[in-house]
Amino acid sequence: MSESPPLLWSPSAERIARSRVNHYLQWLASRGQHFSDYQALWQWSVDDIDAFWASIWDYFEVQCSVPYQQVVSGTQMPGATWFAGARLNFAEQLFRFNTDAATAGKEAIVAESETRARITLSWREVREQVTAVANTLRALGVGPGDRVVAYLPNTPEAVIAFFACASIGAIWSSCSPDMGASSVLDRFRQIDPKLLIAVDGYRYGGKAFNRLEVVQNMRTELPTLEHTVLLPYLEPALDVTAALPGAIRWQDLLTHTAAQANPIHFEQLPADHPLWILYSSGTTGMPKPIVHGQGGSLLECLKGNAFSLDLGEDDRFLWFSTTGWVMWNAQISGLLVGATICIYDGNPGYPDLSRLWKFAQDMRLTFFGVGAAFFSNCMKAGISPAKLADLSTLRGVGSTGSPLPDEAFHWIYQHVHPDVLLASISGGTDVAAPFVGSSPLLPVYAGEMQCRALGVAVHALNEQGEPVIDQVGELVVTKPMPTMPLFFWNDPGNKRYLDSYFDHYPGLWRHGDWIKITPRGGAVIYGRSDATINRHGIRMGTSEIYRVVEDFAEVLDSMVVDLEYLGRESYMPLFVVMREGHELDTILKQRIADKIRTQLSARHVPNEVFAVPEIPRTLTGKKMELPIKKLLLGAPIEKIGNPDAMSNPGSLQWYANFAAQRKTH
C-alpha cells in the first residue's frame, strides 16, 4: 500500500451540515435510505443506478410535461436509453429561480473582459433576453434539431444564445474565436449548421484581433448556413450590414418584431433530444462531434454543481474558460442551481497574473475555478494571491484540465485560502462530466482528488483487465452514465463512437487516462494513456497538428507527443522527417510554429522541433505515438512494442538515444 499523502484540509462540522449533499442525504433518510458516509453513498449510486438517478430527478424536482416511464433501459454500453418517455426542456430549469418581483433583480450574470466594460444581467433581464432571442430564432425558421453554431468569446451573449437555443430545441455548438479558421471549420462543417452567431473580433493580452475575414470565410465554407448573426464586440459601432452583407446585428435579435410577441415557450422534448455538440479528438481523422442529450445533461449539471462543487443560490461562481472548452458548459450550468455566474474573457495573465485574483475580489467570488496550468504559472511566478486580493469570500477552488501536482495543492492552501474545498476534478468533453472529483463531506489530501463522482462506476484496470486499488491502471467506466454521448454526428453505424471508447474493453468505457483509486476512495490521475494532446486543458487530436505540419512542402512525415505526467511540466516535442534536399532550419521551425498558432491554437505550439530519420509505424501504417511517449517517459525500448508488428522497427533506436540524452541533461 502506498504511503498516505499529507492531509491539507478537513471540512468543519458546520460546513458539512450546510452542504447541499448533506441535505440530500437527509432527504434520502426521510425516504428510508440511510448511508453512513460518502463511500457508502457512492457504492449505492453505482450498484443501483436506477434508484440513484430517480432520486436525483425527484430531489431537484425536474420540470417535465410528461414523466419518464423508465430510468434506464439497462446496463449495456453503448446503447442504454435514459428517461424514456419523458418530455422536458433543459432551459426550463433555469427559470425556477428568482421569479417573484422581489428577487428578480438579483444578479444572474456578471461579466468583465479586456474588450469592454463590466456587464451585469439580473434574472429578470436574462429571462427577457432569452425569450427575445428564442422568439426571433423561431421567426427566422430555426427549430428543433437545427444546428446553431457560435464563434463567440465567453460573454453574456453566448450564455443567452445557448439557453435560447435550448429552449426551442435547437442544437448548440461553439468554438472560441482564438481558434484558427481551419480548426473551427473542421468542426462546424461536420454538422451542417443553419445559423451562425459570431463576433467581429476581440482583445487578448492587450492586443486587438479582428475576425471579420474568418467569419466571412465561414459563411462561404458552410453551405447550409441560412443566417449569420454578428455581435460587434471589438468595434461596438461597427456597421454590420457593410461589414458582412446580409448579416443580422445581435441587438436586432432582442428588438425584432417577433422578440417580445410571446412569453417564453419551452419546447417539450424527449430526454435524448440533442442539446449540444462538443468536440474531442482522437489520434486519426477529424475532430469528433460528440452529441449530448437534454435530459442526461440536465441531471448531471444539477448533481455536479450542487453535490460536488456545493453551489447554490447564494454562490458567485467562476470557472475561467473559453467557449471551446467543456468547462464553459460547466460554468453556465451554475445558473441551473441558482448561482450567479461571474465570467471573464481575456488573458488571465494580462497585464499580470494578479488579474483573475483581483476579479475574484471584485466579484466577491465564493468559487474560483481555472485550469491546473494557471495555478502552476502563479506558483512558478512566486506570487501569493491572498496578498494581492481579498479572497475571504472563497469557499471553493476548482482545478481541472490536467493533473494538479502535489506542490500546487500545498500552494493553494498556503497562498490562496486556508479553508476552502479544493475541487480538483477530472472528466472529459466526451461525457461533459467528471469521473472523479470533490465532495464537501471529505478531507483533501495533497495530490489526490477526493472521490469518485456519484453515479459514476469508475475503476482502474490493470494489464489483465482486473479492477485494482492503490495501483495505476486504465480508467474505465463499467456502467452507463446519463451523459455518455448519444452518438457522434454523421457517424454511420456508430463506428467512430465504438472505436473511440469500446474497442479495447468491449462493453466498458475506456477513457484514455491513467488512474489510481486510493484505499480511501480518492483518485490520482497520471495523464493520458492514449495519444490525444491535452495542453493546458485544451484537448486536440494529433491528426489536427499533422494536417498543418505536413502541409509544408519540406516535411515528408511528422509525429508529436505530449510528455505531460503528474508533477511534471508539459513538454511537447514535434518530430519531422524532411524531404530530400531540405533541412530543418530556424526559419522553418518558426514557420511551423506560426502556422500551428494561427490555424490551431497557441497552446499546441511544440516546445521543440527535431528532424528524425523515420516515424515509427505499425504494419498497418499507424504512427506509434503512445509507444514513443512511453519510451520518452522512461520505459525500456524492449517494453514499448513488438518489433514484429512494426513496418520499420529500426526506427526506434533514434528515439531511445534521444530519451537517454534527455534523461542525462
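Numbering starts at 1 and runs along the sequence shown.
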Peer 1: May I have all residue pairs that pass salt bridge (Lys or Arg N to Asp or Glu O under 4.0 Å) and include part of residues 294-308, sequence neighbours excluded?
Peer 2: Glu300-Lys303
Peer 1: Are the side chain of Thr340 and the backbone of Arg316 linked by a donor-acceptor contact shorter than 3.5 Å?
Peer 2: no
Peer 1: Checking Glu313 now: which residues fulfil side chain to side chain donor-acceptor pair (under 3.5 Å) with it, not counting sequence neighbours?
Peer 2: none
Peer 1: With a 4.5 Å cut-off on side-chain heavy atoms, are Ile412 and Trp9 touching?
Peer 2: no
Peer 1: Kindly say whether Glu92 contributes a backbone atom to a donor-acceptor pair with the side chain of Arg96 at under 3.5 angstrom?
Peer 2: no
Peer 1: To the nearest 0.5 Å, how far apart are CH2 in Trp82 and CD in Gln70?
Peer 2: 10.5 Å
Peer 1: Do Leu498 and Pro78 have side-chain heavy atoms sitting under 4.5 Å apart?
Peer 2: yes
Peer 1: Check side chain to side chain donor-acceptor pair (under 3.5 Å) between Ser376 and all other residues, then give those that pass, not counting sequence neighbours.
Peer 2: none
Peer 1: Is there side-chain contact between Val148 and Phe162, with at least one heavy-atom pair below 4.5 Å?
Peer 2: no
Peer 1: Atom CD of Glu474 and atom NE2 of His459: how far apart are they, to the nearest 0.5 Å?
Peer 2: 14.5 Å
Peer 1: For Tyr445 and Ser4, work out which heavy atoms get closest and say how close.
Peer 2: CE2-OG, 4.1 Å
Peer 1: Among residues at least two apart in sequence or on other chains, which ones pass ring pair (Phe, Tyr, Trp, His ring centres under 6.0 Å) with Phe307?
Peer 2: Tyr24, Tyr59, Phe60
Peer 1: Using only heavy-atom distances, determine whether the side chains of Ser308 and Ser438 contain a donor-acceptor pair under 3.5 Å.
Peer 2: yes
Peer 1: Is it the case that the side chain of Trp276 and the backbone of Val291 share a donor-acceptor pair, with hydrogens and angles ignored and the cut-off at 3.5 Å?
Peer 2: no
Peer 1: For Thr322 and Trp328, work out which heavy atoms get closest and say how close.
Peer 2: O-CB, 3.2 Å
Peer 1: What verdict does the ring pair (Phe, Tyr, Trp, His ring centres under 6.0 Å) test give for Phe83 and Trp53, after you've listed the backbone C-alpha separation in whole Å, the side-chain angles of each residue and the deciding distance to 0.1 Å?
Peer 2: CA-CA 10 Å; Phe83 309 112; Trp53 288 104; 7.4 Å; no
Peer 1: Keeping to residues at least two apart or across chains, list the salt bridge (Lys or Arg N to Asp or Glu O under 4.0 Å) pairs with something in residues 436-461.
Peer 2: Glu448-Arg520
Peer 1: Under the side chain to side chain donor-acceptor pair (under 3.5 Å) test, which residues partner Ser333, sequence neighbours left out?
Peer 2: Asn305
Peer 1: Please report the interatomic distance CZ(Phe487) to CH2(Trp489), rounded to the nearest 0.5 Å.
Peer 2: 5.5 Å
Peer 1: First locate atom CD of Gln93, then atom CG of Leu335, and finally report the distance between them rounded to the nearest 0.5 Å.
Peer 2: 11.5 Å
Peer 1: Counting only N and O atoms by type, is there a donor-acceptor contact under 3.5 Å from the side chain of Asn89 to the main-chain atoms of Ala166?
Peer 2: yes
Peer 1: If I compare all heavy atoms of Val21 with all of Pro440, which pair ends up nearest, and what's the gap?
Peer 2: CG1-CG, 4.0 Å
Peer 1: Take Trp172 and Phe90, measure what ring pair (Phe, Tyr, Trp, His ring centres under 6.0 Å) needs, and give me the verdict at the end.
Peer 2: CA-CA 12 Å; Trp172 173 268; Phe90 182 95; over 10 Å; no
Peer 1: Distance-only, no hydrogens or angles: does the Thr483 side chain make a donor-acceptor pair with backbone N or O of Val431 under 3.5 Å?
Peer 2: yes
Peer 1: Should Gln450 and Tyr38 count as side-chain neighbours, where that means a heavy-atom distance under 4.5 Å?
Peer 2: no
Peer 1: Which residues pass the side-chain contact (heavy atoms from CB on, under 4.5 Å) test with Ser173, not counting sequence neighbours?
Peer 2: Val149, Phe188, Ile191, Ile277, Tyr279
Peer 1: So which pairs with a foot in residues 267-277 pass salt bridge (Lys or Arg N to Asp or Glu O under 4.0 Å), sequence neighbours left out?
Peer 2: Arg138-Glu267
Peer 1: In Å, rounded to the nearest 0.5 Å, how long is the span from CE of Met327 to CG of Asn154?
Peer 2: 12.0 Å
Peer 1: Can you confirm whether Asp314 is buried at CG, in the sense that more than 12 heavy atoms of other residues, nucleotides or ligands lie under 6.0 Å from that atom?
Peer 2: no
Peer 1: Side chains of Thr478 and Leu508: does their closest heavy-atom pair fall under 4.5 Å?
Peer 2: yes
Peer 1: side-chain contact (heavy atoms from CB on, under 4.5 Å) between Tyr413 and Val444: does it pass, once the steps are laid out?
Peer 2: CA-CA 10 Å; Tyr413 282 105; Val444 173; 3.5 Å; yes
Peer 1: Evaluate whether atom CD of Glu14 has more than 12 neighbouring non-hydrogen atoms of other residues, nucleotides or ligands under 6.0 angstrom away.
Peer 2: no
Peer 1: Looking at every non-hydrogen atom in both residues, tell me the closest pair between Leu88 and Gly295 and how far apart they are.
Peer 2: CD1-CA, 4.2 Å
Peer 1: Ignoring hydrogens and angles, state whether a donor on the side chain of Asp315 or Thr366 is under 3.5 Å from an acceptor on the partner side chain.
Peer 2: yes
Peer 1: For the pair Asp419 and Arg15, find out whether any cationic side-chain nitrogen is under 4.0 Å from an anionic carboxylate oxygen.
Peer 2: no
Peer 1: Could you pull out the closest heavy-atom pair between Pro289 and Pro287, with the gap in Å?
Peer 2: CD-O, 3.4 Å
Peer 1: What are the two closest heavy atoms between Leu404 and Ser424, and how far apart are they?
Peer 2: CB-OG, 4.2 Å
Peer 1: Taking atom CD of Gln464 as the centre, report whether more than 12 heavy atoms of other residues, nucleotides or ligands fall under 6.0 Å from it.
Peer 2: yes
Peer 1: Would you say the ring centroid of Tyr501 lies under 6.0 angstrom from that of Tyr497?
Peer 2: yes
Peer 1: Between Phe368 and Thr393, does the side-chain contact (heavy atoms from CB on, under 4.5 Å) criterion hold? Intermediate values first, please.
Peer 2: CA-CA 10 Å; Phe368 177 95; Thr393 57; over 6 Å; no
Peer 1: What's the spacing between Leu302 CG and Leu311 CG if we round to 0.5 Å?
Peer 2: 11.5 Å
Peer 1: Step by step, would you call Val477 with His511 a side-chain contact (heavy atoms from CB on, under 4.5 Å)?
Peer 2: CA-CA 8 Å; Val477 180; His511 191 62; over 6 Å; no
Peer 1: Does the side chain of Gln331 reach to within under 4.5 Å of the side chain of Leu318, using non-hydrogen atoms?
Peer 2: yes
Peer 1: Do Val456 and Val46 have side-chain heavy atoms sitting under 4.5 Å apart?
Peer 2: no
Peer 1: Kindly say whether Val66 contributes a backbone atom to a donor-acceptor pair with the side chain of Arg87 at under 3.5 angstrom?
Peer 2: no
Peer 1: The criterion is side-chain contact (heavy atoms from CB on, under 4.5 Å); which residues satisfy it with Pro67, sequence neighbours excluded?
Peer 2: none
Peer 1: Pair Leu41, Leu28 - check side-chain contact (heavy atoms from CB on, under 4.5 Å), show working.
Peer 2: CA-CA 10 Å; Leu41 177 63; Leu28 288 172; 3.9 Å; yes
Peer 1: So Glu625 and Lys629, do their side chains get closer than 4.5 Å, heavy atoms only?
Peer 2: no
Peer 1: Can you name the ring pair (Phe, Tyr, Trp, His ring centres under 6.0 Å) partners of Phe367, sequence neighbours left out?
Peer 2: Phe317, Trp319
Peer 1: Holding to side chain to side chain donor-acceptor pair (under 3.5 Å), I want the full list of residues that pass it with Asn329, two or more places apart in sequence or in another chain.
Peer 2: none
Peer 1: Counting only heavy atoms not in His410 (residues, nucleotides, ligands), do more than 12 fall under 6.0 Å from its NE2?
Peer 2: yes
Peer 1: For Phe35, enumerate each residue passing the ring pair (Phe, Tyr, Trp, His ring centres under 6.0 Å) test, keeping only those at least two apart in sequence or located in another chain.
Peer 2: Trp44
